[in-house]
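Since the structure comes first, as structure tokens, the remarks are kept for the end.
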Amino acid sequence: MEIASKYNPAEVEKKWYQYWMEYQLFHSEPDDREPFTIVIPPPNVTGVLHMGHMLNNTIQDVLVRRARMQGKNACWVPGTDHASIATEAKVVERLASRGIKKSDLTREEFLEHAWEWTREHGGIILEQLKKLGASCDWERTAFTMDDLRSESVLKVFCDLHEKGLIYRGVRMVNWDPQALTALSDEEVIHKEVNAKLYYLKYMVEGDPNGAYALVATTRPETIMGDTAMCIHPDDPKNAHLKGKRVIIPLVNRAIPVIEDEYVDIEFGTGCLKVTPAHDVNDYLLGEKHNLPSIDIFNDDGTLNEHGIHYKGMDRFETRKQIEKDLEEAGLIERIEPYVHKVGFSERTDAVIEPKLSMQWFLKMEQLAKPATEAVENDTIRFHPEKYKNMYRHWMENIKDWCISRQLWWGHRIPAYFLPEGGYVVAMTPEEALEKARAKVDYPLTIDDLKQDEDVLDTWFSSWLWPISVFDGINRPNNEEINYYYPTNDLVTAPEIIFFWVARMIMSGYEYRGEPCFRNVYFTGIVRDKLGRKMSKSLGNSPDPIELMNQYGADGVRMGMLLTSPAGNDLPFDELMCEQGRNFNNKIWNAFRLIEGWEVDETIPQPETAAIAVEWFQNKLFETIAEVDDLFSKYRLSEALMALYKFFWDDFSAWYLEIVKPDYQQPIDAQTYKATLHFFDALTRLLHPFMPFITEELWQALYPREKGESIMTAPQPEAGATDSGLLADFEVLKEVVSGVRAIRTEKNIPNREELELHVTGGHNDRFNSVIAKMCRLSNITTVSEKQSSAAGFFVGTTEYSVPLEEKIDVDAELEKLHAELAYTEGFLQSVLKKLSNERFVQNAKPEIVENERKKQADAESKIARLKEGIAALTLLEE
RNA sequence: GGGCGUUUAGCUCAGCUGGUUCAGAGCACCUGCCUUACAAGCAGGGGGUCGGCGGUUCAAAUCCGUCAACGCCCACCA
């Protein structure tokens with residue numbers, strides 16, 4: 001059968017994914033094997049696959065596939081996240097394009113549109129993951145807003161409320177005027193902005209001389225909300241303002257001057273305008289000094305009735321306008337350029353407005369405690385470890401979590417307000433009614449209760465993910481949660497360490513009393529060649545599907561993994577995918593070679609093949625041990641690289657070249673069998689990284705049963721190795737390279753047979769192999785190198801190829817002189833060490849012994865080099 | 001303003017508790033080859049005073065100090 005010389009992944013990948021699905025090889029049920037569980041970081045339900053997902057999910061798949069092949073009951077649970085703000089924003093956008101405003105719709109109507117959107121776009125990303133080869137248990141696909149997960153969320157809310165950990169309160173929150181919702185601190189991104197610092201004149205009330213206070217502010221549009229001016233009690237330059245009242249420019253309202261040490265005397269003029277409704281610090285000052293609070297903004301960032309004649313204008317327009325007006329009124333002394341940090345909404349990129357509002361909060365201190373310890377004492381390990389510090393720091397300074405969002409798309413807060421004040425928290429309206437009736441002494445019907453309009457933060461559902469996907473909140477003792485939980489590994493981005501990882505750990509301890517996972521593998525950011533983060537808006541990200549079409553899923557998977565140690569950014573280069581594809585092709589062609597061999601049962605195994613088989617068996621064990629070790633440290637790219645070199649160099653370039661029979665000659669059965677066995681092991685070792693091609697070839701290697709798959713074939717295990725044999729073989733490689741170098745240098749064709757002379761110690765057990773690989777007629781030991789031979793050293797042994805007239809004496813001499821100079825220099829450095837008494841006294845004996853050996857070796861080598869030079873010189877004359 | 005991390009070949013990275021000719025790997029690059037598994041390949045090769053300075057030590061890429069550059073996280077200075 002003729003097999004194409006180039007591997008074509010498209011068909012193969014499709015075929016085997018279907019096969020895996022057909023035989024339910026991804027599906028897991030609890031049994032008596034050891035479980036291995038990974039829950040997917042649920043992507044946005046309406047999202048599409050990007051390079052970050054590719055990296056993240058490739059890693060998860062490698063871990064899961066390997067665990068499965070190690071005999072564990074592997075379960076990778078897929079799912080999606082409802083992504084409250086992001087999805088709602090998209091739905092609002094779509095409605096707007098159809099000329100519909102969200103405010104024109106009822107909550108129910110809006111949600112119908114949102115579900116429609118979800119049905120249209122939902123799950124696309126999961127289909128794309130299949131193309132990547134992801135071995136998720138698709139029967140378990142969950143959604144953070146499906147029935148079970150929703151029920152879990154409400155249950156947890158009720159429970160935490162019951163425990164007194166959830167409270168409601170008016171606080172300064174981060175308000176997103178575009179999304180019209182509060183955000184948690186984590187959803188605010190601070191960016192440096194070029195702004196202006198305005199110096200405003202606040203006239204002192206009733207001062208006949210027109211004295212004024214100068215206030216520096218970046219937000220002149222908030223002066224309508226000023227309720228005090230603050231100075232430092234010890235500030236001499238502003239002492240004259242103590243006890244006075246000043247008049248807000250344009251507004252013409254008098255406010256008191258208060259004193260507080262919070263004010264920095266050095267900043268600006270030392271006068272601070274206090275706007276408790278629109279600045280966090282001012283709010284605290286206001287509380288401390290009992291100041292009134294005037295909120296001047298509407299929810300959308302326009303000015304409300306307190307905004308005098310600016311009412312209805314946008315906050316930034318107002319700033320421009322007020323600057324003009326102040327200028328005209330002569331109330332601005334100067335304006336300086338000023339760079340400072342401003343908070344932006346993570347989702348909408350709108351400038352955050354600190355705003356006082358009624359929100360729901362979760363107390364974190366108690367929840368954080370076991371979660372902090374778990375990472376500190378390595379019950380949960382972070383890879384790389386450096387994130388431990390970051391985590392600890394955040395956990396130790398944790399603040400209460402604002403969990404309410406003023407959105408419709410999400411889990412509606414199960415709090416029900418009573419007609420005469422107060423509220424109850426309950427799973428259902430009916431239950432709420434019952435609770436409410438118990439609480440008040442007036443008659444109530446279900447219609448009297450008004451459910452809170454807000455929904456919960458998206459993370460309030462995803463923090464339960466490792467538990468809720470096994471329904472462990474609703475049925476805490478079910479078989480599945482007991483079996484699969486704690487999960488094993490989590491693979492995610494460091495960006496969401498606080499949003500998600502930390503909170504999952506907390507909920508894990510709160511609801512299971514156990515860690516939710518054992519290892520967290522943090523991936524880096526996928527960047528383009530210029531070091532920019534790949535993003536849709538920049539348009540610098542390749543389309544993952546296109547990439548897979550071009551290089552094959554296996555090729556892309558390999559490309560992603562080759563250069564990305566945990567926690568490091570991945571500077572993505574298609575060249576890496578090309579390397580992955582080339583490797584696929586290499587594997588493919590190795591298989592073609594083996595497949596093409598004709599086996600002859602009657603011929604004996606050649607000595608060369610016997611040696612190769614023995615050596616490769618050892619090398620295989622050694623590599624398996626190395627790969628096992630790397631996996632235990634989560635050094636995936638190094639494990640892949642080790643296998644890459646093992647296949648390419650050791651297997652293809654050495655093993656196959658040695659055992660390969662001459663053209664059109666059959667191979668002996670023994671070697672053939674061993675080779676198939678090795679190839680089988682290689683495909684299994686590589687399978688977690690490149691699932692498709694390995695399945696294709698593994699299936700073709702031997703007759704397989706229907707439904708049988710490499711996916712469930714055991715991962716090869718390491719065995720004892722003969723280190724002497726391995727070391728000797730390395731010498732062999734060097735000798736072969738040496739002879740090849742001479743061929744290249746002297747332009748000697750491969751067909752031409754050569755002789756090899758050996759001067760010095762040489763183990764001849766591999767001579768037959770050397771002869772085959774170098775096409776030598778014989779290998780003989782000589783006491784002295786022939787003058788007309790080209791030579792090289794391996795260790796202290798000199799190898800040489802007699803060349804007669806072909807030798808270029810001058811060039812050869814030059815080489816020998818260079819080698820001599822180097823060796824003499826080396827000897828000098830060794831002698832220097834050895835003549836240093838302190839070295840001989842203090843260094844460990846084996847180190848000193850080693851230096852002595854180096855000395856002896858160098859000396860013998862120098863002697864041999866000198867002989868060679870002398871002989872050649874003679875020849876020249 | 002605090003804290004953490006990184007700095008080794010053109011690129012991406014290994015080099016554990018200091019000591020085998022220790023300066024490595026992959027890719028890229030250069031040279032020569034269409035040698036019947038593979039030109040998506042084969043053979044050979046060049047390339048780094050291990051960020052700077054100082055210290056400890058018989059011995060430093062490795063330990064200590066310091067400076068610099070870059071990156072990340074946290075933070076309420078108007």
Side-chain angles (χ1 to χ4, degrees), chain A residues 3 5-7 172 190 197 215-219 230 262-264 266-275 279-285 338 340-341 354 384 386-391 393-394 397 494-495 497-498 525 529 531 551 555 562-565 567-571 573 575-576 578-579 581-597 635 637-638 641-642 644-645 648 652-653 656-657 660 663-664 737 740-745 747 749-751 795 822-823 825-826 829-830 832-833 836-844 846-848 850-851 853-854 857-858:
Chain A
I3 313 175
S5 74
K6 292 202 171 25
Y7 171 56
M172 187 64 85
H190 294 273
L197 191 58
V215 174
T217 179
T218 53
R219 303 205 59 192
C230 190
Y262 164 75
V263 176
D264 180 352
E266 302 305 319
F267 188 90
T269 56
C271 294
L272 172 72
K273 72 189 212 50
V274 184
T275 322
D279 185 280
V280 181
N281 300 302
D282 292 12
Y283 171 70
L284 296 172
L285 270 178
Y338 186 65
H340 69 141
K341 292 218 173 163
K386 66 176 175 182
Y387 290 111
K388 258 176 95 167
N389 289 326
M390 220 172 96
Y391 177 84
H393 191 255
W394 188 75
N397 297 289
E495 297 149 72
I497 187 169
F498 305 131
I525 296 167
K529 285 181 204 163
Y551 300 102
L562 266 173
T563 55
S564 55
N568 273 39
D569 284 358
L570 189 154
D573 192 334
L575 228 55
M576 303 312 293
E578 204 177 308
Q579 190 183 352
R581 181 201 57 186
N582 292 354
F583 185 46
N584 277 279
N585 206 51
K586 185 75 187 175
I587 298 171
W588 182 253
N589 278 294
F591 177 76
R592 272 180 73 212
L593 173 69
I594 295 168
E595 188 64 10
W597 284 338
R635 298 171 77 147
S637 32
E638 284 177 64
M641 182 51 72
Y644 173 83
K645 287 194 276 191
W648 202 302
S652 301
L656 287 181
E657 289 299 333
K660 185 158 79 174
Y663 184 52
Q664 288 191 332
S737 284
R740 282 172 175 169
I742 289 172
R743 272 191 195 275
T744 304
E745 232 170 80
N747 234 322
N750 274 330
R751 315 181 184 288
Y822 174 81
T823 313
F826 175 69
S829 74
V830 173
K832 199 175 148 198
K833 266 194 218 175
N836 183 338
E837 272 175 46
R838 283 181 296 183
F839 170 71
V840 180
Q841 274 166 17
N842 298 332
K844 279 180 280 187
E846 59 267 31
I847 302 289
V848 178
N850 200 273
E851 289 303 310
K853 184 172 180 304
K854 282 197 227 168
D857 288 354

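Note on naming: letters A, B, ... go to the chains in the order of the sequence lines (proteins, then strands), and numbering restarts at 1 for each one.
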What's the gap between B/rG52 and B/rC38 when it is taken at their P atoms, as a whole Å value? 48 Å
One should read off an interatomic distance between A/L593 CG and A/K660 NZ, to the nearest 0.5 angstrom, of 6.0 Å
**Asked** With a non-hydrogen cut-off below 4.0 angstrom, is A/F583 in contact with a base, only sugar-phosphate, or nothing?
**Response** nothing
Answer for the Watson-Crick or wobble partner of B/rC50, both distances under 3.5 Å, is none
Atom NZ of A/K645 and atom P of B/rA14 are separated, to the nearest Å, by 13 Å
Name the nucleic acid region contacted by A/V830, choosing base, sugar-phosphate or nothing; use a 4.0 angstrom heavy-atom cut-off, strictly under. nothing
Output yes when at least one side-chain N/O atom of A/N582 is less than 4.0 Å from OP1 or OP2 of B/rG41, else no. yes
**Message:** With a 6.0 Å cut-off (strictly less than), is the heavy-atom count around CD of A/E266, excluding the residue itself, greater than 12?
**Reply:** no
Salt bridge or not between A/E595 and A/R592? Use side-chain N to carboxylate O under 4.0 Å. no
### Task
For B/rA75 versus B/rG2, give the span between their C1' atoms, rounded off to a whole number of Å.
7 Å
Integer angstrom distance from the P of B/rU62 to that of B/rC16
11 Å
Out of B/rA78, B/rC38, B/rA43, minimum distance to the side chain of A/R592 belongs to B/rC38
If only side-chain N and O atoms of A/Y391 are considered, is one of them under 4.0 Å from the OP1 or OP2 phosphate oxygen of B/rC4?
no
d(A/T217 OG1, A/Y338 OH) to nearest 0.5 Å is 10.0 Å
Taking the same atom, C1', in B/rG26 and in B/rU17, what whole-Å distance lies between them? 28 Å
Taken to the nearest whole Å, NZ/A/K660 to C1'/B/rC38 is 10 Å
ask   = Distance between the C1' atoms of B/rC72 and B/rA28, in whole angstroms?
value = 29 Å
Problem set entry | B/rC42 OP1/OP2 closer than 4.0 Å to side-chain N/O of A/W648 | yes
Worksheet entry | Pair of N/O donor and acceptor under 3.5 Å linking B/rC4 base with A/K386 side chain | no
Checklist entry - Is any side-chain N or O of A/R635 closer than 4.0 Å to OP1 or OP2 of B/rG15? => result yes
When rounded to the nearest 0.5 Å, the distance separating OH of A/Y387 from CD1 of A/I497 is 7.5 Å
Min side-chain heavy-atom separation A/M576-A/Q579 under 4.5 Å:
yes
Which part of the nucleic acid, if any, lies within reach of A/N842 when heavy atoms closer than 4.0 Å are counted: base, sugar-phosphate only, or nothing?
base
Closest heavy-atom pair, A/G268 versus A/A216, reported as atoms and distance to 0.1 Å, is CA-CB, 4.2 Å
If you draw a 6.0 Å radius around CD in A/Q841, do more than 12 non-hydrogen atoms from other residues or ligands fall strictly inside? yes
Testing B/rA37, B/rC74, B/rC58 for proximity to the side chain of A/F839, the answer is B/rC58
CG (A/D279) and CG (A/L285) are apart, to the nearest 0.5 Å, by 9.0 Å
A/D264 has its side chain closest, among B/rG44, B/rA78, B/rC74, to B/rA78
Ranking A/Y822 and A/K273 by the position along RNA chain B of their nearest nucleotide, the one closer to 5' is A/Y822
dist A/M641:CE -> A/W648:CH2 (nearest 0.5 Å) comes out at 11.0 Å
Give one of base, sugar-phosphate or nothing for A/E638, where a contact means two heavy atoms less than 4.0 Å apart. sugar-phosphate
query: Considering only the C1' atoms, how many Å lie between B/rC67 and B/rU31, rounded to the nearest integer?
result: 44 Å
Given the C1' atoms of B/rC63 and B/rC58, what is the spacing between them in whole Å? 16 Å
**Asked** Reckon A/R743 touches a base, only the sugar-phosphate, or nothing at all at heavy-atom distances under 4.0 Å?
**Response** nothing
Closest of B/rU20, B/rA14, B/rA78 to the A/P565 side chain is B/rA14
Whole-Å distance, A/M390 CE to B/rC72 C1', equals 7 Å
**OP:** For A/R740, answer base if it contacts any base atom (sugar-phosphate contacts may also be present), sugar-phosphate if it contacts only those atoms, and nothing otherwise; contact means non-hydrogen atoms under 4.0 Å.
**Re:** sugar-phosphate
Checking B/rG41, B/rG26, B/rC77 against the side chain of A/K586 (C-beta onward), the nearest is B/rG41
- Query: Using a cut-off of less than 4.0 Å, is there contact between a side-chain N or O of A/K833 and OP1 or OP2 of B/rA59?
  - Reply: no
Notebook entry, point to check: Is any side-chain nitrogen or oxygen of A/S737 closer than 4.0 Å to OP1 or OP2 of B/rG44?
Noted result: yes
Partner of B/rC58 under the Watson-Crick or G-U wobble criteria, both distances under 3.5 Å, comes out as B/rG19
When the P atoms of B/rU66 and B/rG3 are compared, how many Å lie between them, rounded to an integer? 12 Å
Using Watson-Crick geometry (N1-N3 plus N6-O4 or O6-N4) or G-U wobble (N1-O2, O6-N3), each under 3.5 Å, B/rC76 is paired with none
### Task
Please state whether the phosphate of B/rC73, meaning OP1 or OP2, lies under 4.0 angstrom from any side-chain nitrogen or oxygen of A/K388.
no
note: A/N589, atom CG; B/rA39, atom P; distance rounded to Å ~ 7 Å
Among the nucleotides B/rA37, B/rC13, B/rC76, whichever has the atom closest to the side chain of A/N568 is B/rC13
Result for 5'-nearest mapping on RNA chain B, choosing between A/L575 and A/K341, is A/L575
If pairing means Watson-Crick or G-U wobble with both distances under 3.5 Å, then the partner of B/rA69 is B/rU6
note: A/F826, atom CZ; B/rU20, atom P; distance rounded to Å ~ 10 Å
- request: Select base, sugar-phosphate, or nothing to describe what A/E657 touches, counting heavy atoms under 4.0 Å on all strands.
  value: base
If pairing means Watson-Crick or G-U wobble with both distances under 3.5 Å, then the partner of B/rA40 is none
Side-chain contact check for A/Y262: nearest option of B/rC74, B/rG19, B/rC77 is B/rC77
note: A/N281, atom CG; B/rA75, atom C1'; distance rounded to Å ~ 11 Å
The nucleotide from B/rU35, B/rA14, B/rG41 with an atom nearest the side chain of A/N750 is B/rU35
Base, sugar-phosphate alone, or nothing: which one does A/K853 contact when heavy atoms must sit under 4.0 Å apart?
nothing
When rounded to whole Å, the CG to P distance for the pair A/N747 and B/rG44 reads 15 Å
Atom CG of A/N397 and atom P of B/rG3 are separated, to the nearest Å, by 13 Å
Out of B/rC38, B/rA78, B/rC74, minimum distance to the side chain of A/N585 belongs to B/rC38
Quick note, A/Y338 side chain, CB onward, closest among B/rG26, B/rA78, B/rC74 is B/rA78
